[in-house]
Amino acid sequence: MVDKKKLYQWCSIPAEKLENHPQLVTRFRLVQDSREMGKLMAVEFADEIAKANREGRPFRAIVPCGPKCWYQPFAEYVNEKEISLRNVTVFHMDECLDWEGNLLAEDDPYNFKTFMQKEFYGPVRDELNVPEKNRNFLSPATMSEIKEKIKEAPIDYTLGGWGQDGHIAYNQSRRHPYSHIGIEELRNSSIRIQENNLDTVLALAQRTYGAAYQFVPPMSITLGIKECLSAKKVRVFSDTGAWKQTALRVALFSEIDEEYPLTLLQEHKDAVITATVDTATHPISLHPEWKFAGVNL
């Protein structure tokens, strides 16, 4: 569990001092806003695919549903530069499920497959696009097949974001009162169906539905940490502000902690966290006068 005194110290650091801070445990980049971040995500990812094309090799990637700012610039860049995605295989990170573990309706706002078909694949020219057979969407019916496909060859690139507790994909900190998991179990977690943590449901409700938690999917299916961090390169991004600020500080400065799965990035040889100024600016850093009970400074 994160020590409150250390957490206060990490959260007190001004955003502009994060990038080159001497105590960073994971590489970090600061960008101004969503527009800059989306372009960076798009160009880096597309350039990796173009490099694989030049070298005559397939490219295998794990791709999230969000952050959303990179889909349009990615399609524009791919179309303009005529970067073929025909040799790309995509493994989608996760999918939301209803309370019985079923896929959501196609027009549900939290149906990730519907969103990605429209926003990620939709704008790319047909002759350049990822073949249908190479688009791997998680579902209860496909989870075993996708697990085996991921094992077939190395993953080149993992894109992602993080949640309020630093979850990657839907690899949340497990809060079940009778079923604790340690860091080793989290590190080796694989594809699974699970109930979403209550704090995840509330965070999503506040972010997207005006706190109407009744409409937030209560279950999910996700790639595990094992799959996500198996990639040669891991790049995680966030432009969603307050929802992500504390998890970012913990990921940048803490020892590995199962309460914050994002801390496992520090074990990866080529992982980078990128955040917008809004996401990197913690409110505690703006209020040095704030004092907290139980924290001896």
Side-chain angles (χ1 to χ4, degrees), residues 1-4 6-7 25-26 62 64-66 91-104 110 112 137-148 150-151 158 160-209 211 213-231 234 236 243-244 246-251 254-268 271 294:
M1 181 174 291
V2 172
D3 178 83
K4 286 202 295 184
K6 290 181 178 179
L7 181 61
V25 296
T26 303
I62 293 173
C65 182
F91 297 96
H92 292 276
M93 266 191 168
D94 44 22
E95 185 57 88
C96 294
L97 305 173
D98 69 14
W99 73 276
E100 294 181 297
N102 299 315
L103 293 172
L104 304 180
Y110 271 98
F112 292 166
F137 290 97
L138 275 175
S139 74
T142 63
M143 57 188 294
S144 296
E145 175 188 350
I146 288 175
K147 186 174 183 177
E148 293 306 311
I150 289 176
K151 288 181 180 178
T158 291
W162 67 88
Q164 82 291 343
D165 62 350
H167 60 255
I168 306 167
Y170 262 115
N171 289 284
Q172 309 158 98
S173 172
R174 188 163 174 82
R175 306 198 194 282
H176 195 290
Y178 305 125
S179 175
H180 176 75
I181 64 166
I183 196 64
E184 192 64 25
E185 292 163 302
L186 180 64
R187 181 187 286 118
N188 290 298
S189 61
S190 189
I191 299 174
R192 64 195 180 279
I193 296 171
Q194 62 185 4
E195 289 201 16
N196 293 336
N197 287 342
L198 299 182
D199 55 306
T200 296
V201 172
L202 292 175
L204 292 172
Q206 179 63 31
R207 179 185 175 197
T208 58
Y209 288 148
Y213 63 85
Q214 296 90 339
F215 301 118
V216 176
M219 296 184 69
S220 57
I221 182 169
T222 184
L223 297 182
I225 290 286
K226 184 177 182 179
E227 286 87 17
C228 292
L229 298 193
S230 71
V234 177
V236 297
W243 194 39
K244 311 293 182 68
T246 298
L248 171 62
R249 299 307 179 106
V250 175
S254 176
E255 297 178 350
I256 294 171
D257 191 317
E258 62 265 29
E259 187 180 4
Y260 289 90
L262 193 61
T263 57
L264 282 165
L265 261 64
Q266 64 191 264
E267 294 185 337
H268 197 280

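Along the sequence shown, the residues carry numbers beginning at 1. Not measured: the values here are computed from a predicted model.
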Original post:
Would you find a donor on one side and an acceptor on the other, under 3.5 Å apart, between the side chain of E95 and the backbone of F112?
Top reply: yes

**OP:** Output yes when a side-chain donor or acceptor of Q172 lies under 3.5 Å from a complementary backbone atom of N197, and no otherwise.
**Re:** yes

Original post:
Closest approach of I225 and P261, non-hydrogen atoms and distance?
Top reply: CD1-CB, 4.4 Å

Subject >> Approximate separation, where rounding is to 0.5 Å, of C96 SG and N102 CG >> reply: 13.5 Å

**OP:** Return the set of residues passing side chain to side chain contact (heavy atoms under 4.5 Å, CB included) with Y209 (not counting sequence neighbours), or none when no residue passes.
**Re:** D108, P109, Y110, A212, F215, V216

Original post:
Roughly how far, to the nearest 0.5 Å, is the CD atom of E145 from the CD1 atom of I191?
Top reply: 10.5 Å

Subject >> CG on N171 to CG on L262, rounded to 0.5 Å >> reply: 11.0 Å

Original post:
Roughly how far apart are Q164 CD and R207 CZ, rounded to 0.5 Å?
Top reply: 10.5 Å

**OP:** State, with a plain yes or no, whether a side-chain heavy atom of V234 is found less than 4.5 Å away from one of I168.
**Re:** no

Original post:
Nearest 0.5 Å, what's the CD-CD1 distance between Q194 and I221?
Top reply: 9.5 Å

Original post:
V25 and Q266: which non-hydrogen atoms are nearest, and at how many Å?
Top reply: O-CB, 3.4 Å

Original post:
Looking only at side chains, do E227 and S190 share a donor and an acceptor under 3.5 Å apart?
Top reply: yes

**OP:** Inspect the surroundings of CG in L202 and state if more than 12 heavy atoms from other residues, nucleotides or ligands are less than 6.0 Å away.
**Re:** yes

**OP:** Indicate the atoms forming the closest heavy-atom contact of A271 with L265, along with that distance.
**Re:** CB-O, 3.9 Å

Original post:
Are side-chain heavy atoms of I181 and E258 found at a separation under 4.5 Å?
Top reply: no

**OP:** Can you tell me which residue pairs pass the salt bridge (charged side-chain N to carboxylate O under 4.0 Å, His left out) test with a partner in residues 174-191, sequence neighbours excluded?
**Re:** D165-R175, R175-D199, E184-R187, R187-E267

Subject >> Shortest non-hydrogen contact between Y170 and T222, atoms and distance >> reply: N-OG1, 2.9 Å

Original post:
Would a distance-only check, ignoring hydrogens and angles, find a side-chain to backbone donor-acceptor pair under 3.5 Å from S139 to T142?
Top reply: yes

Original post:
Any donor and acceptor pair, going by atom type alone, linking the side chain of D94 with main-chain N or O of P64 inside 3.5 Å?
Top reply: no

**OP:** Kindly say whether T263 contributes a backbone atom to a donor-acceptor pair with the side chain of D257 at under 3.5 angstrom?
**Re:** no

Subject >> Inter-residue atom distance K151.NZ - K226.NZ, 0.5 Å rounding >> reply: 6.5 Å

Original post:
Any chance the side chains of S220 and N196 put a donor and an acceptor closer than 3.5 Å?
Top reply: yes

Original post:
C228 and M93: which non-hydrogen atoms are nearest, and at how many Å?
Top reply: SG-CE, 4.2 Å

Subject >> 4.5 Å side-chain heavy-atom contact, L198 and Y213 >> reply: no

Original post:
Would the number of heavy atoms belonging to other residues, nucleotides or ligands and lying under 6.0 Å from CD of E195 be above 12?
Top reply: no

Original post:
Do the side chains of L97 and P140 get nearer than 4.5 Å, heavy atoms only?
Top reply: yes

**OP:** Indicate the atoms forming the closest heavy-atom contact of A231 with T158, along with that distance.
**Re:** CB-OG1, 3.2 Å

